[in-house]
A.B. asks: 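Submitted below is the structure of interest, expressed as structure tokens.
For the numbers below, each heavy atom of this structure counts, side chains included, while hydrogens, waters and symmetry mates do not. This one's a predicted model, so the numbers in the text were calculated from it and none came from an experiment.
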Amino acid sequence: MNILIGTILIWGAAFWAVRHLHRTAPEARPELYRRAGQTFLFMLPRLAVGLIGAGFLAALLPGAFVQRWLSAQSGLSGILLATGFGVLTPGGPFVAFAIGASALKAGAGAGALVAYVTSWSLVSMVRTLSYEVPLMGRRFTLLRVMISLPAPILLGLIASLAQ
């Protein structure tokens, strides 16, 4: 149900933005549609490869491993392991959330999943090494990572208590 509500809100905001643009700046319409088409064509193959790859990766996720190491009973060790997996997960949200959803279906606990998604969001090594270090420098990146790293663990522990 939440996905449906979110989808409706996003589509509503998009329709409102297009309608507003048509009324306030009709001369900008050709540029808007050109850019939207370029973005669509740029993202389409990446989206397809990401979804197919995530599906294969999720199917290969061993259920026994998830139930033993990432279940609600795994405690702090499961949260730490999930945090490490989140840091090392390459790719965008299609990959990370597909893995998270598969882990949930395989029996992962809320604490481990919150830690996984949070660590992937805040401290993804692929993104950090590819973009942040070259653009922001080593000192800033190290400071940000050191400040961010406790968050997945803390949030995972809170989620475990709330479960």
Side-chain angles (χ1 to χ4, degrees), residues 1-14 17 39-163:
M1 186 64 168
N2 289 339
I3 293 173
L4 177 63
I5 293 169
T7 302
I8 290 169
L9 289 174
I10 289 171
W11 276 102
T39 302
F40 177 76
L41 292 175
F42 177 79
M43 290 303 297
L44 189 62
R46 288 156 180 80
L47 183 65
V49 169
L51 287 173
I52 292 168
F56 282 126
L57 216 106
L60 295 173
L61 191 65
F65 174 86
V66 172
Q67 290 170 0
R68 178 172 179 183
W69 294 102
L70 301 174
S71 68
Q73 292 75 31
S74 64
L76 180 62
S77 63
I79 291 169
L80 292 172
L81 188 62
T83 298
F85 286 149
V87 168
L88 298 174
T89 298
F94 296 109
V95 174
F97 289 119
I99 292 170
S102 296
L104 181 64
K105 288 178 188 172
L113 282 174
V114 167
Y116 170 74
V117 171
T118 305
S119 66
W120 169 80
S121 298
L122 293 177
V123 200
S124 168
M125 277 297 110
V126 172
R127 185 178 60 245
T128 300
L129 295 174
S130 298
Y131 299 106
E132 193 170 1
V133 171
L135 295 172
M136 304 300 288
R138 280 183 282 162
R139 183 173 178 185
F140 172 81
T141 302
L142 183 62
L143 176 64
R144 190 202 56 80
V145 168
M146 296 305 290
I147 292 169
S148 300
L149 203 50
I153 299 164
L154 180 62
L155 293 173
L157 289 170
I158 292 170
S160 290
L161 294 174
Q163 189 174 18

A.B. asks: Using 0.5 Å steps for rounding, measure from the CD1 atom of Ile10 to the CD1 atom of Ile5.
C.D. replies: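 Ile10 atom CD1 to Ile5 atom CD1 measures 12.0 Å (nearest 0.5 Å).
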
A.B. asks: For residues Ala108 and Val66, report the shortest heavy-atom separation together with the two atoms involved.
C.D. replies: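 Minimum heavy-atom separation between Ala108 and Val66: N-CG1, 3.5 Å.
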
A.B. asks: With rounding to the nearest 0.5 angstrom, report the CD to CG distance, Glu132 to Leu142.
C.D. replies: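 So the CD of Glu132 and the CG of Leu142 are separated by 10.5 Å.
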
A.B. asks: Listed by chain and number, what are the ring pair (Phe, Tyr, Trp, His ring centres under 6.0 Å) partners of Phe97, not counting sequence neighbours?
C.D. replies: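 Expected list: Trp120.
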
A.B. asks: What pairs of donor and acceptor atoms, side-chain ones from residues 150-159 against any protein atom, are under 3.5 angstrom apart with sequence neighbours left out?
C.D. replies:
none

A.B. asks: How long is the gap from OG on Ser119 to CD1 on Ile79, to the nearest 0.5 Å?
C.D. replies: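 Separation between the atoms: 11.5 Å.
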
A.B. asks: Output the distance between atom CG (Leu60) and atom CD1 (Ile99), rounded to the nearest 0.5 Å.
C.D. replies: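 Spacing of CG (Leu60) from CD1 (Ile99) equals 10.5 Å.
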
A.B. asks: Evaluate the criterion side-chain contact (heavy atoms from CB on, under 4.5 Å) for residue pair Arg144 and Thr128; output intermediate values, then yes/no.
C.D. replies: CA-CA 10 Å; Arg144 190 202 56 80; Thr128 300; 3.6 Å; yes

A.B. asks: Is the OH atom of Tyr131 crowded by more than 12 outside heavy atoms at less than 6.0 Å?
C.D. replies: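 Result for OH/Tyr131: open.
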
A.B. asks: State, to 0.1 Å, how close Ser148 and Leu122 come at their nearest heavy-atom pair, and which atoms those are.
C.D. replies: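 Heavy atoms of Ser148 and Leu122 come nearest at O-CD1, 4.0 Å.
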
A.B. asks: Can you tell me how far the CZ atom of Arg68 sits from the CD atom of Gln73, to the nearest 0.5 Å?
C.D. replies: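 Arg68 atom CZ to Gln73 atom CD measures 13.5 Å (nearest 0.5 Å).
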
A.B. asks: Is a side-chain donor or acceptor of Ser74 paired with a backbone partner of Ser71 at a separation under 3.5 angstrom?
C.D. replies: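 Yes, Ser74 side chain to Ser71 backbone: donor-acceptor pair under 3.5 Å.
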
A.B. asks: About how many Å separate CZ of Phe85 and OG1 of Thr83, when rounded to the nearest 0.5 Å?
C.D. replies: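 Atom-to-atom, Thr83:OG1 and Phe85:CZ are 10.5 Å apart.
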
A.B. asks: Could you tell me whether a side-chain N or O of Ser124 sits under 3.5 Å from a main-chain N or O of Ser121, the two making a donor and an acceptor?
C.D. replies: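 No: the side chain of Ser124 does not pair with the backbone of Ser121.
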
A.B. asks: Give the minimum heavy-atom separation between Ala112 and Gly78, together with the two atoms involved.
C.D. replies: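 In terms of heavy atoms, the two residues are closest at CB-O, 4.0 Å.
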
